[in-house]
Amino acid sequence: MRPSAQALTATQEDPVDRFEPNLRIPGPTGLPPTVREAGARQMINHRGPEFAAMLSRILSGMQPFFGTTSDIAMITTAGTGGLEAAVVNTLSPADRVLGVSIGSFGDRFAKIARIYGANVTKIEVEWGQAADPAVVRAELQRDNAYRAVLLTHNETSTGVMNPIPELAAAIRELAPNALILVDSVSGLGAVPFEMDAWGVDVVVTGSQKAWMSAPGLAMIAASPRAWAAMETATMPRLYLDLRTHRESHATGQTPWTPAIAVVYQVDEGIRLMQAEGAAAVFARHEACAAAARAGLLALGFELFADQRFASRTVTAALVPDGLDWKAFNTELKRRGLVLAGGQGKLTGKIFRLGHLGSVTLEEILGAMSALEFVSIGMGRPVQPGAAVAAAQVAAVASFGLTRPAVAAAGVGA
Ligand code: PLP
C-alpha cells in the first residue's frame, strides 16, 4: 500500500527516519556494519559443514568470555528462554530455591522457578542497591538446604551490577550443595566474568547485548556439576533440554532449526571482539560507562544506582521533579537519541542510557550533546558543552590512555 502524501511528508520530516539513530538502550544493541551484512547472507544447510565450523567458532570463542572450559549450549530463544533453560534443566518441582532479586529481571528469574513448581524463597533487595553478601550469608546460616540460588549479574532495570564473586563465595561456603545460576544476559562479554574460578554453575547470556547481534540466541554455560544435575532434574523440558543441545553440538549441529541469520551475526560479533581484544572491549565499556555517569551528573541528573555497584553496560538516572519526561524524550528522539524508560515500578521515574555491545565514546559524547541541547531548550540550567566535557574527562581518566583501548573507543589512534 502506498503511503499518503501527508504520511510521506511526516516521515520525511522525522530525523530519526533519515539518519541512523544513536540507539542508547540496554539492548538490543546497534549492529556494527559487518554484523549487519552478515545477517543478510544467504541461508546455508544447518546440517552441513559450514554451519558446524561456525558453531564451533562461536562456542570456543565464547568460552573465555564466560571464563569456563565447560560446554556451552546455543539455543534459538530470547534471553528469558535461556533463564528458563537454566531452571528447568537443573531443578525438580518442590526443590527449594533462593531467589536473590535486585530488580525486575531478578523477579522474572524467581517467577520462572516458581511457575515450574520450585519452592522459592526470595531475598528482595531495594531497587538501586546490589545484593549484600552478608545478607545472603545470614539467610544461608539460618537455612542452607537450598538446591539452587538465583543471581542476576547485571540488573538492567536498575543499572546495578552485583558482586558475583563475593556472592558466589558466600554460597559455596555455606550451602556447598546449592547450584548457583546466574543471569548475565546484559553483562557477559562486556565485563570480565570468571565462571569456573568463581564457582558459578550456570550462566546465561543473549545475542542482542554484548555480542553486538540481533535478538534471537541465548548462550548457556553449565559447570560439570550442573551438567550432572541435569541427569536427575525432573522439571519438564523438550525444546530447552540442554543435554539434547549438547549432544547435537558435538556433531556440529543444533537439535532444532536455529536462527541462522543471527548465528552469522554472533560469529561476526565475536570475530570483532577478538580482533579488538577482550581487555580492550572491557576497557571500552568501562570508559563509556564512566563517561555516561559523569555526563548525566553534569546535566544535573541524579543517578539511580548505588554508585559503588554502578553497571558498566547501562546507567539509570532519576527523572527530576517538574521535568516533562514525555516531551523531553520526544525532543531527544527528534535529535536521533533513543533512550530507554523505566520498567515495572520504575516506569516514569527513571530513564536508562545503554552502553553495551556496539558502543563508542563518540556515541556517548553525541548522546550528551543531544541531552544538553534539549535540556537547554527546555529551560534546564545547563551550560553548553558541560556534559560533553565532563564525559570526555571521565573517559580519559578511565582509559588511562592505553593505546588500543583508546583506538577501540574511537577517540583517535
Ligand atoms: N535478564 C536481563 C538482565 C536482561 O537485561 C534481559 C533483557 O533485557 C533479560 C533477562 C531477558 O532477555 P529477553 O528480553 O531477550 O528475553
Side-chain angles (χ1 to χ4, degrees), residues 23-31 65-66 73-88 99-115 125 127-131 150-164 167 180-191 193 200 202-221 239-240 258-259 262-263 265-266 269 285 289 304-305 309-316 338-344 346-347 350-359:
L23 186 63
R24 300 267 57 87
I25 60 174
T29 163
L31 306 180
F65 287 99
F66 277 90
M74 185 188 79
I75 307 187
T76 293
T77 174
T80 304
L83 299 183
E84 193 156 325
V87 168
V88 299
V100 182
S101 175
I102 65 168
S104 87
F105 290 107
D107 284 353
R108 186 180 300 178
F109 209 177
K111 184 173 174 183
I112 293 168
R114 198 167 272 149
I115 282 176
V125 177
W127 287 23
Q129 299 297 316
L150 313 181
L151 300 175
T152 312
H153 177 211
N154 184 69
E155 181 49 76
T156 322
S157 67
T158 61
V160 171
M161 210 166 251
N162 260 328
I164 297 295
L167 291 166
I180 303 174
L181 314 185
V182 176
D183 170 354
S184 190
V185 169
S186 64
L188 205 81
V191 298
F193 201 97
V200 169
V202 178
V203 181
V204 180
T205 185
S207 54
Q208 78 275 28
K209 308 284 187 179
W211 313 99
M212 303 188 287
S213 300
L217 294 174
M219 279 63 62
I220 305 152
Y239 182 86
L240 296 176
V262 188
V263 180
Q265 293 191 331
V266 171
H285 280 88
F304 180 70
F309 302 99
S311 164
R312 273 163 277 159
T313 61
V314 55
T315 299
V338 182
L339 300 179
Q343 283 175 299
L346 292 176
T347 305
I350 63 164
F351 66 89
R352 293 171 299 148
L353 191 154
H355 32 81
L356 86 165
S358 179
V359 59

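Counting starts at 1 for both ligands and their atoms, in listed order. Computed from heavy atoms alone, side chains included, the values below leave out hydrogens, waters and symmetry copies.
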Audit row: I220, V202, side-chain contact (heavy atoms from CB on, under 4.5 Å) steps and yes/no: CA-CA 7 Å; I220 305 152; V202 178; 3.7 Å; yes
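Residue R108 touches ligand 1 through its side chain alone, judged by heavy-atom distances below 4.0 Å. Under 4.0 angstrom from ligand 1, the non-hydrogen atoms of V185 all belong to its side chain. Residue K209 touches ligand 1 through its side chain alone, judged by heavy-atom distances below 4.0 Å.
D183 and T152 form no side-chain donor-acceptor contact under 3.5 Å, judged by distance and modelled atom types alone.
Atoms of ligand 1 found under 4.0 Å from any heavy atom of A78, numbered from 1 in the order shown, are 13 (P), 15 (O), 16 (O). Residue G79 has at least one heavy-atom neighbour below 4.0 Å for each of these atoms of ligand 1: 12 (O), 13 (P), 15 (O), 16 (O). Below 4.0 Å from some heavy atom of T80 lie the following atoms of ligand 1, by number and element: 11 (C), 12 (O), 13 (P), 16 (O).
In terms of polar-atom proximity, defined here as any N/O pair under 3.5 Å, F105 makes no such contact with ligand 1. Residue E155 places no N or O, backbone or side chain, under 3.5 Å from any N or O of ligand 1.
Among protein heavy atoms, the minimum distance from atom 1 (N) of ligand 1 is reached at D183 OD2, 2.6 Å. Scanning all protein heavy atoms for the shortest distance to atom 5 (O) of ligand 1 gives T156 OG1, 2.4 Å.
At least one heavy atom of Q208 lies less than 4.0 angstrom from ligand 1.
Contact of the L188 side chain with the W211 side chain is registered, since non-hydrogen atoms from C-beta on lie closer than 4.5 Å.
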